[in-house]
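Since the structure comes first, as structure tokens, the remarks are kept for the end.
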There are 2 protein chains.
Amino acid sequence: MPGTLDPIDRHILRVLQRDGRISNVDLAREVGLSPSPCLRRVRLLEEAGIIDRYVAVLDPAKVGAGLTVFARVWFKTQDAEVTLRFGEAVRRFPEVMECYLTTGECDAVLRIVTTDLHSYWRFQADHLTRIPSVLSVKTDVPMETLKRSYELPLR
Amino acid sequence: MPGTLDPIDRHILRVLQRDGRISNVDLAREVGLSPSPCLRRVRLLEEAGIIDRYVAVLDPAKVGAGLTVFARVWFKTQDAEVTLRFGEAVRRFPEVMECYLTTGECDAVLRIVTTDLHSYWRFQADHLTRIPSVLSVKTDVPMETLKRSYELPLR
DNA sequence: CAAAAGTTTGGCATATTCTGCCATTCAGAG
DNA sequence: CTCTGAATGGCAGAATATGCCAAACTTTTG
């Protein structure tokens with residue numbers, strides 16, 4: 001029903017991806033509309049689920065979540081039962097920010113956030129490797145962040 | 001300066017990580033304060049950089065960014081010059097959402113967002129592998145998303 | 001080409017929220 | 001117990017959001 005996004009919609013989305021708390025008045029000025037139709041478009045984008053939600057982005061280092069690591073996981077078996085239980089387990093761990101099942105070299109990729117290497121090691125030893133489905137884990141530890149973006153590219 | 005976060009600050013951060021556009025009146029009610037001191041705390045958290053920014057989270061599938069892939073990159077050499085140029089290059093690509101230098105098996109890990117496998121393949125062939133520093137790339141393609149969170153764990 | 005239907009826009013009135021100020025309350029030190 | 005500093009709650013004015021309606025625009029239809 002909301003066929004495609006016109007240039008104004010994309011402009012709105014671009015702005016809101018950079019500043020999710022901009023006032024509707026300023027947003028309207030920025031995209032070249034008056035406040036009324038601008039707010040209406042935002043509401044439609046929300047109702048269509050194109051805008052999923054608004055969130056505050058915290059500085060990881062300042063809230064004790066300074067270390068991001070990527071873990072690649074191999075399962076003992078690949079049946080539905082195993083992956084289902086694995087999914088339930090990782091959803092319970094707040095340290096696991098993202099988790100994907102892959103078809104490549106390994107079975108799952110996780111992005112995990114902790115305070116430091118020691119607390120990551122504890123998480124891996126005490127929780128991650130104790131999930132019954134898990135055969136082994138390989139960890140890539142970033143030394144430096146070259147880029148971290150929250151803006152999806154809009155064609 | 002802002003020694004530590006007290007329980008009310010953490011409560012505020014937890015709520016704002018779930019709903020970055022909640023009105024200050026509702027936020028105050030939720031954390032058990034009146035609007036005035038609540039707004040004051042939020043402003044202090046912003047000024048301290050603990051709240052970095054507010055963003056709208058879009059549904060990737062609905063804006064033509066439905067495929068997330070992880071790419072592991074090996075460099076030809078590991079000197080500072082090479083990594084610097086690599087960083088500049090990836091920052092220019094909007095498809096690259098995150099990029100970290102690693103000390104493990106590979107030299108860099110990237111999270112890349114595109115429309116579909118075909119457009120990813122084109123991105124890798126036309127852009128990623130053409131960065132002079134890049135020796136080789138291995139890609140893990142997720143089949144399914146088990147978890148995607150935007151809330152950092154707050155101890 | 002013209003007329004009609006539907007959609008989008010802009011402006012206005014009202015309700016809600018934000019913002020800054022001040023007196024009061026609370027916690028801790030002397 | 002008293003003093004001091006910080007945090008809180010309430011209030012008034014300013015800014016913003018919200019809903020409604022007429023006008024302008026776009027698209028379809030005759």
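Below, chains carry the letters A, B, ... as their sequence lines are ordered, and counting in each starts from 1. These numbers come from the heavy atoms of this one structure, side chains and all, not from hydrogens, waters or symmetry mates. Quick caveat, the model's predicted, so the values are computed rather than measured.
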*asked:* Please report the distance, rounded to the nearest Å, between CZ in A:Arg40 and P in C:dG6.
replied: 16 Å
*Whole Å only: how far is the CG atom of A:Leu45 from the P atom of C:dT8?*
12 Å
*Interatomic distance where CG belongs to B:Leu39 and P belongs to D:dT16 [whole Å]*: 15 Å
*Residue whose closest nucleotide on DNA chain D lies nearer the 5' end, A:Pro35 versus B:Pro35*: B:Pro35
*Specify the separation, in whole Å, of atom CG of B:Leu44 and atom P of D:dT8.*
10 Å
*Do NZ/NE/NH1/NH2 and the carboxylate oxygens of B:Arg53 and B:Glu46 come within less than 4.0 Å?*
no
*Expected output: side-chain A:Lys147 to main-chain B:Leu110 donor-acceptor under 3.5 Å*: no
*N-O pairing of B:Arg72 and B:Glu105 below 4.0 Å*: yes
*For the side chain of A:Ser34, starting at C-beta, report the closest nucleotide among D:dT8, D:dG10, C:dG11.*
C:dG11
*Is the backbone of A:Arg21 close enough, under 3.5 Å, to the side chain of B:Arg21 for a donor and an acceptor to pair up by distance?*
no
*Which pairs with one or both residues in residues 74-86 of chain A pass salt bridge (charged side-chain N to carboxylate O under 4.0 Å, His left out), sequence neighbours excluded?*
A:Glu81-A:Arg85
*Check whether any side-chain N or O of A:Arg41 sits under 4.0 Å from OP1 or OP2 of C:dT8, and answer yes or no.*
no
*Rounded off to whole Å, could you give me the CG-to-P distance for the B:Leu33 and C:dT25 pair?*
18 Å
_Proximity of B:Phe93 and B:Phe123 rings by center, below 6.0 Å_ = yes
_As a test of reading the structure: which of C:dG20, D:dT8, C:dG11 is closest to the side chain of B:Ile8, going by heavy atoms?_
D:dT8
*Mind running a 4.0 Å heavy-atom check of residues 13-31 of chain B against DNA chain D and sending the residues that fall below it, in number order?*
none
*Once you round it to whole Å, what is the distance between C1' of C:dC26 and CG of B:Asp6?*
14 Å
*Decide if the gap between the ring center of A:Phe75 and the ring center of A:Phe86 is smaller than 6.0 angstrom.*
yes
_Using whole Å, what does the distance between atom P of nucleotide D:dT8 and atom CZ of B:Arg43 come to?_
15 Å
